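Everything on this sheet refers to the single structure shown next.
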There are 2 protein chains.
Amino acid sequence: MKIQNITIKDIAKALDLSYSTVSRALKGSYKISEPVRNKVIAYANEHNYRPNLLAQSLKNKNSRCIGVVLCNIPNSFFAEVISGIESVAYTKNYLVIITQSHESYEREIQALENLTWRSIDGLLISLSTETSDCSHIAALHAKGLPVVFFDRVSEDFKTHLVKADNEGGAYDLTNHLLHQGYRRIAQITSPAHLSITQERIAGYKKALSEAGQPIDESLIKYCEHGGMLFEEIETAVSELFDSGNPPDAIFAASDRLTLGTLSILKKMGKSIPGDIGMAGFSNFSEPELFEPALTTIKQPAFEMGKTAAELLIQLIESKRPVTEFEKKVFPTELKARASTNRKISVAY
Amino acid sequence: MKIQNITIKDIAKALDLSYSTVSRALKGSYKISEPVRNKVIAYANEHNYRPNLLAQSLKNKNSRCIGVVLCNIPNSFFAEVISGIESVAYTKNYLVIITQSHESYEREIQALENLTWRSIDGLLISLSTETSDCSHIAALHAKGLPVVFFDRVSEDFKTHLVKADNEGGAYDLTNHLLHQGYRRIAQITSPAHLSITQERIAGYKKALSEAGQPIDESLIKYCEHGGMLFEEIETAVSELFDSGNPPDAIFAASDRLTLGTLSILKKMGKSIPGDIGMAGFSNFSEPELFEPALTTIKQPAFEMGKTAAELLIQLIESKRPVTEFEKKVFPTELKARASTNRKISVAY
DNA sequence: TTGAAAGCGTTACCAT
DNA sequence: ATGGTAACGCTTTCAA
């Protein structure tokens, strides 16, 4: 037995009206007389009428669904983003379909196919680490699908972008490290083709240059899978230490890389912040509980999700084609904690 | 411009066949001749035909959607559960709609209304802390909606249940604390009406009794909002310490409570595990990075999500009404770490 | 083996 | 202001 709601036809029959009249009365069309409208609405409420969304979608050619593609849900940053998306979708009566790319280009394409098949009205996407070419997304966009990029964005085609101020965040963090007296600052980061990587490196280099510090490319370690493979982080860290000239601080450029690096440093028995300073981008909920309490750059993930969803729905519901696109850049927040505080353990 | 896929009618027209023949050919019905079927399939593949799911759903009265209700997405435990659900749904071609109750009974009801309106084929639900009465869910179930409870379950009506071995986990953890020499062990926990609370208290009491320890009800602190309000955790902790007879260890019964309690203890300047032992249920990804490394009971969240989704889909697709229900209980995993290791700082 | 047609619940156009 | 009807894309019963 399936859950069967009352339909327009039932109301029409009960009230001896035509389908169209009932439909119009419920939609609040003005070409319906007061008494009839009231009668219909009263009956509908009383019998708990709910329009069948499937039928509406089929008829209207919209699904009131928005698709989301991101690398993986349990990642603190993305989980918060989802929560933000959901909060907007909920109030605007959209449904959210979340799919995970697991940092794979292949799976990102699959996810997109799946979503379009499901007839979504719009797409929110953060690229996988493997994705350097966006033609699969551009094709959908060209066919008229509203798209908003968030976090890992692309400028392959014009659309709204929602991102953190990665350059600013990296700049702030690098500056903080410099102020603490660190000089050989390494960055462990995602693949070079990603927007977030480029920006985080730009901010890092800017801070170094302004401080008159040399830029040593060998201190920048790219993890091709964004840290999905623990070994790639281990390799990065050991390369840094095995070089003749090891770093005195490490800046990790994402949540996964930050936790991975911290864990490896501790396993190596490094004293933080004494032997080496450690900080990173992270939306982990309680970094102050770590040993040592971790200096982080935090992105306003919930807000970013909210804004991305708002922009997308705006795009979906816009009557006229949108040609002016926004680039929303959210400030990041530096929280200095013990992991970069040399004064704790080093006299200098 | 909307994304327009090719339809059965288009194929029929192109191949000069009737709609029904095309439909049957695509479904692999055997009452279609080989050549016709091949021709249709070839054409469909070539033109990238995708059945319109909306139309199928409308016709078949199923949506291939499963609804999920849980308290909140960024919680590590639930985020992993979702990931598990998604992995099953993906392969079985179901869509997952996630809604959050934010621990509110009110919002849980709203979420359910929303989901049923969206015509879901089945429901996965973990009750909110405020929910003590399940008639809203029982009503849907009685109307024929397949339901699987996970995590915070109810036995108000018979259906599949997926849960962790909360009693066993609490028992193991309490035993571990006893072995470490702790004697006045407090539990900070969720509201008493929740299944998980009752089980976690049962395991705790069982371990104490077996060890011949007295059970002091004043050592059990219930947080009515499950720790959603930080103040309720603060109140619980200070009540424990302000009593004439403070505990020597605290066992927190959920992720949120564990992090909250640890954070409060550190703020109070308590030395862990010296002044007080601290451990809890937690699916936090890196509890060994904490200061002190945290002893935890971890639930197999991903597996639980997977199993719940499998059971639900089985229920949905079952031809005959299901009368035998399963109760899947997943073992928990105790990881003893520094936060309960007295030998580190206390000679005894 | 194939075709015609009705129907799922809605909306919208064209009548009245 | 209201009614009749076709259409959205698909499945399925009934006929041929």
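As the structure is a computational prediction, the values presented were derived from the model and not from experiment. Reminder, nothing fancy here: chain letters follow the sequence lines and each chain counts from 1. Values reported hereafter were calculated over all heavy atoms of this structure, with side chains retained and with hydrogens, waters and symmetry mates removed.
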Spacing between [X] atom [atom1] and [N] atom [atom2], to the nearest angstrom:
{"X": "A/Ile8", "N": "D/dG4", "atom1": "CD1", "atom2": "P", "result": "15 Å"}
{"X": "B/Ile6", "N": "D/dG9", "atom1": "CD1", "atom2": "C1'", "result": "13 Å"}
{"X": "B/Lys61", "N": "D/dC10", "atom1": "NZ", "atom2": "C1'", "result": "13 Å"}
{"X": "B/Leu58", "N": "D/dA7", "atom1": "CG", "atom2": "P", "result": "17 Å"}
{"X": "A/Arg24", "N": "D/dT5", "atom1": "CZ", "atom2": "C1'", "result": "12 Å"}
{"X": "A/Tyr19", "N": "D/dG4", "atom1": "OH", "atom2": "P", "result": "9 Å"}
{"X": "A/Leu15", "N": "D/dA1", "atom1": "CG", "atom2": "C1'", "result": "16 Å"}

Can you work out whether A/Thr7 or B/Lys59 has the more 5'-proximal nearest nucleotide on DNA chain C? B/Lys59
Between B/Leu17 and A/Pro51, which is nearer to the 5' end of DNA chain C once each is assigned its nearest nucleotide? B/Leu17
Does [X] reach a base, just sugar-phosphate, or nothing at all? Heavy atoms under 4.0 Å.
{"X": "A/Lys9", "result": "base"}
{"X": "A/Leu54", "result": "nothing"}
{"X": "B/Ile32", "result": "sugar-phosphate"}

A/Asn38 side chain to A/Pro35 main-chain N or O, any donor-acceptor pair under 3.5 Å? no
For the aromatic rings, using the six-membered ring if either is Trp, is the centroid distance between B/Phe157 and B/Phe149 under 6.0 Å? yes
Strand contacts (DNA chain D) in residues 33-50 of chain A, 4.0 angstrom heavy-atom criterion: A/Ser33, A/Val36
For [X], is the [atom1] atom crowded, meaning more than 12 foreign heavy atoms sit under 6.0 Å from it?
{"X": "B/Tyr19", "atom1": "OH", "answer": "no"}
{"X": "B/Glu317", "atom1": "CD", "answer": "yes"}
{"X": "A/Lys306", "atom1": "NZ", "answer": "no"}

Between B/Val153 and B/Ser195, the two heavy atoms sitting closest are N-OG, 3.1 Å
Minimum heavy-atom separation for A/Ser57 to B/Leu54, with atom names? CB-CD2, 3.5 Å
Are any of B/Gln56's side-chain N or O atoms less than 4.0 Å away from OP1 or OP2 of D/dT11? yes
Quick one, A/Leu145 and A/Ile120 - any side-chain contact, counting heavy atoms below 4.5 Å? yes
Assess the side chains of B/Glu108 and B/His136: does a donor N or O sit below 3.5 Å from an acceptor N or O? yes
Could you list where the contact with chain B starts and ends along DNA chain C, reading 5' to 3', using a 4.0 Å heavy-atom cut-off? C/dT1 to C/dG9
Kindly say whether, by distance alone, the side chain of A/Ser20 makes a donor-acceptor pair under 3.5 Å with the base of D/dG4? yes
